[in-house]
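Positions are given from 1, in the same order as the sequence printed here.
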Amino acid sequence: QVQLVESGGGLVQPGGSLRLSCAASGSILEINRMAWYRQAPGKERELVARITSGTAPDYADSVKGRFTISRDNAKNTVYLQMNSLKPEDTAVYYCYANIRRRDYYISQQYWGQGTQVTVSS
């Protein structure tokens, strides 16, 4: 089956930077949308950034100007460059993708396992 694997999380000081990566693998025909979500303890999962084929990227207001989402279609990979990190950015970050498989014409949603990002001095 299709799998999403995140990497790049870790501990960083306020004002620092991290780059998250998410690689999709499997019988992929087309990836319509890829996105990053995050969930902090005691809070609901929220959309951080998303990129859809043929449209400009979307960002949560809280990360505009600091985060940048990009995609490498040849590698089926999405990235999240996070700059000027704040303690409130601390959360588990999840990769999301809407994917059409080669063996099934209906698009399906896939989630990564999540990667921890901790911003602390």
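- Residues Ala91 and Ala40 come closest through the heavy atom pair CB-N, 3.9 Å.
- Considering all non-hydrogen atoms of both residues, Gln113 and Tyr94 come closest at O-CE2, 3.5 Å.
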Could you go through Leu29 and Arg101, starting from their C-alpha distance and side-chain angles, then the distance that decides it, and tell me whether this counts as side-chain contact (heavy atoms from CB on, under 4.5 Å)? CA-CA 5 Å; Leu29 177 64; Arg101 304 194 325 203; 6.0 Å; no

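- Side chains of Arg66 and Lys86 form a contact here, defined as non-hydrogen atoms less than 4.5 Å apart.
- Following chains of ILVMFWY side-chain contacts shorter than 4.5 Å, one can reach Leu47 starting from Trp111, so the two form part of one hydrophobic cluster.
- Annotation: the span from Ser25 atom OG to Lys75 atom NZ amounts to 15.0 Å, rounded to 0.5 Å.
- With a 4.5 Å cut-off on side-chain heavy atoms, Pro87 and Ser120 do not count as touching.
- With rounding to the nearest 0.5 Å, the separation of CG in Asn83 from CZ in Arg19 is 11.0 Å.
- Salt bridge annotation for Asp61-Lys64: present, with a cationic side-chain nitrogen under 4.0 angstrom from a carboxylate oxygen.
- Using a 4.5 Å cut-off between side-chain heavy atoms of Ile, Leu, Val, Met, Phe, Trp and Tyr, Val117 falls into a hydrophobic cluster with Val2, Leu4, Val12, Leu18, Leu20, Ile28, Ile31, Met34, Trp36, Val48, Ile51, Tyr59, Val63, Phe67, Ile69, Val78, Leu80, Met82, Leu85, Tyr93, Ile99, Tyr110, Val119.
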Determine, stepwise, if the pair Arg71 / Ser53 fulfils side-chain hydrogen bond (donor to acceptor under 3.5 Å, both in side chains). CA-CA 10 Å; Arg71 182 165 71 172; Ser53 298; 2.9 Å; yes

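- No donor-acceptor pair closer than 3.5 Å links the side chain of Glu6 to the backbone N or O of Thr115.
- Between the side chains of Asn32 and Ser107, a donor-acceptor pair is found at a separation under 3.5 Å.
- Between Tyr105 and Arg100, the shortest heavy-atom distance links the atoms O-NE, 3.4 Å.
- In this structure, the separation between OH on Tyr79 and OG1 on Thr68 is 14.0 Å, given to the nearest 0.5 Å.
- If you take CG on Asp58 and OG1 on Thr52, they are separated by 6.5 Å, rounding to the nearest 0.5 Å.
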Using side-chain contact (heavy atoms from CB on, under 4.5 Å), reason through Tyr37 and Glu46 one step at a time and then give a plain yes or no. CA-CA 5 Å; Tyr37 289 74; Glu46 65 173 343; 5.8 Å; no

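- The two residues Ser84 and Ser17 have their closest heavy-atom pair at N-OG, 4.3 Å.
- No side-chain heavy atom of Arg45 sits under 4.5 Å from any side-chain heavy atom of Arg38.
- Note that CD of Glu44 is 8.5 Å distant from CD of Gln39, once rounded to the nearest 0.5 Å.
- Side-chain contact between Thr118 and Gln116: present, with at least one pair of heavy atoms (C-beta onward) separated by less than 4.5 Å.
- Annotation: the span from Arg33 atom CZ to Asn98 atom CG amounts to 7.5 Å, rounded to 0.5 Å.
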